[in-house]
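In what follows, every chain begins at residue 1, and chains take the letters A, B, ... in the order their sequences are listed. Just the heavy atoms: all of them, side chains too, but no hydrogens, waters or symmetry mates, feed the values below.
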Amino acid sequence: SQQGEEDPQALSIQEGENATMNCSYKTSINNLQWYRQNSGRGLVHLILIRSNEREKHSGRLRVTLDTSKKSSSLLITASRAADTASYFCATNSGGYQKVTFGTGTKLQVIP
Amino acid sequence: DAGVIQSPRHEVTEMGQEVTLRCKPISGHNSLFWYRQTMMRGLELLIYFNNNVPIDDSGMPEDRFSAKMPNASFSTLKIQPSEPRDSAVYFCASSSGGSQETQYFGPGTRLLVL
């Protein structure tokens, strides 16, 4: 199974609302990243949080990491229709730059 | 920078034919990754190179798949012979190493094997 499992698999919200996506993983990690994928496009890196960090912000994005629970969450505040996309968490572990992607959360923001 | 470049963007071929996908990573990046994405299996890492050397090819499905990186600016993923179940979007990504380990993805090649 995938190292990262996102929850929920799909999420539909109204524009202006906050969207929260969760990611759980199984093994120890060096860092965890969140990526966004618009339909028919490649993935775009959003934010990276290291194993010794608990929270990180970037614009309207807030990421938390709980290594004791092996979980992370991505919060998008004041969502916009343009945030409609699939969001993936990716964990990095081991000595090389191997990154394992989760199954993704499909977010729909309704205008 | 032009970003990661992949070609072709779309490929339609018949079962049994050879397919070659190409990738040009971002200049200066020393790691390159090939992924396959399908609805059923999600995003799968096929192989990744560091300094042109294959580090982990455990994700390569079978012997029909092969990947090369003859130099720092070019990589190929070849499928021979192709089968309908190989139909997917194939992404190439590169990263610069160091502490960031952010991967930059190309636009992907959409492959359809009939």
Side-chain angles (χ1 to χ4, degrees), chain A residues 1-10 21 23-25 27-53 56 58 61 63 65 72 74 85-106, chain B residues 2-7 9-10 21 23-26 29-60 88-112:
Chain A
S1 62
Q2 299 257 6
Q3 163 76 324
E5 298 284 342
E6 284 89 338
D7 168 54
Q9 290 188 339
M21 289 158 270
C23 169
S24 59
Y25 56 92
T27 63
S28 296
I29 60 171
N30 298 326
N31 62 56
L32 185 144
Q33 302 172 52
W34 285 90
Y35 287 78
R36 182 187 73 217
Q37 184 180 32
N38 290 86
S39 181
R41 303 284 186 92
L43 279 73
V44 174
H45 181 260
L46 294 176
I47 197 165
L48 179 151
I49 186 166
R50 303 196 182 286
S51 59
N52 61 353
E53 296 176 310
K56 205 159 184 181
S58 177
L61 306 180
V63 168
L65 178 65
S72 174
L74 170 67
S86 291
Y87 291 82
F88 295 85
C89 69
T91 53
N92 172 264
S93 57
Y96 297 107
Q97 296 177 57
K98 182 168 183 175
V99 172
T100 306
F101 284 84
T103 51
T105 291
K106 198 165 187 175
Chain B
V4 175
I5 299 172
Q6 290 187 248
S7 65
R9 294 292 308 276
H10 302 272
L21 311 181
C23 175
K24 177 179 168 55
I26 292 173
H29 283 189
N30 64 350
S31 292
L32 184 141
F33 307 79
W34 282 102
Y35 292 90
R36 177 174 69 177
Q37 187 176 39
T38 62
M39 289 291 292
M40 293 296 294
R41 300 175 68 89
L43 194 65
E44 302 173 279
L45 174 66
L46 300 178
I47 186 171
Y48 76 94
F49 295 85
N50 191 48
N51 293 323
N52 312 337
V53 176
I55 301 300
D56 184 349
D57 65 355
S58 60
M60 295 286 264
V89 181
Y90 290 81
F91 289 103
C92 175
S94 70
S95 72
S96 60
S99 61
Q100 289 301 315
E101 298 150 342
T102 296
Q103 294 184 31
Y104 296 84
F105 280 74
T109 294
R110 191 172 294 272
L111 173 66
L112 177 61

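Judged purely by distance below 3.5 Å, without hydrogens or angles, the side chains of B:Gln37 and A:Gln37 pair a donor atom with an acceptor atom.
Separating the CZ atom in B:Phe105 from the OH atom in A:Tyr35 is a distance of 5.5 Å, to the nearest 0.5 Å.
Counting non-hydrogen atoms of neighbouring residues, nucleotides and ligands closer than 6.0 angstrom, the CZ atom of B:Phe49 exceeds 12 such neighbours. Crowding of A:Lys106 atom NZ: a count of heavy atoms from other residues, nucleotides or ligands under 6.0 Å not exceeding 12. Around CD of A:Glu53, the count of heavy atoms belonging to other residues, nucleotides or ligands within 6.0 Å exceeds 12.
If you measure heavy-atom distances from B:Thr109 to chain A, you find no contacts under 4.5 Å at all. Heavy atoms closer than 4.5 Å to chain A are found nowhere in B:Tyr104, neither backbone nor side chain.
The two atoms that bring B:Thr102 and A:Gln33 nearest to each other are CA-OE1, 3.8 Å, heavy atoms only.
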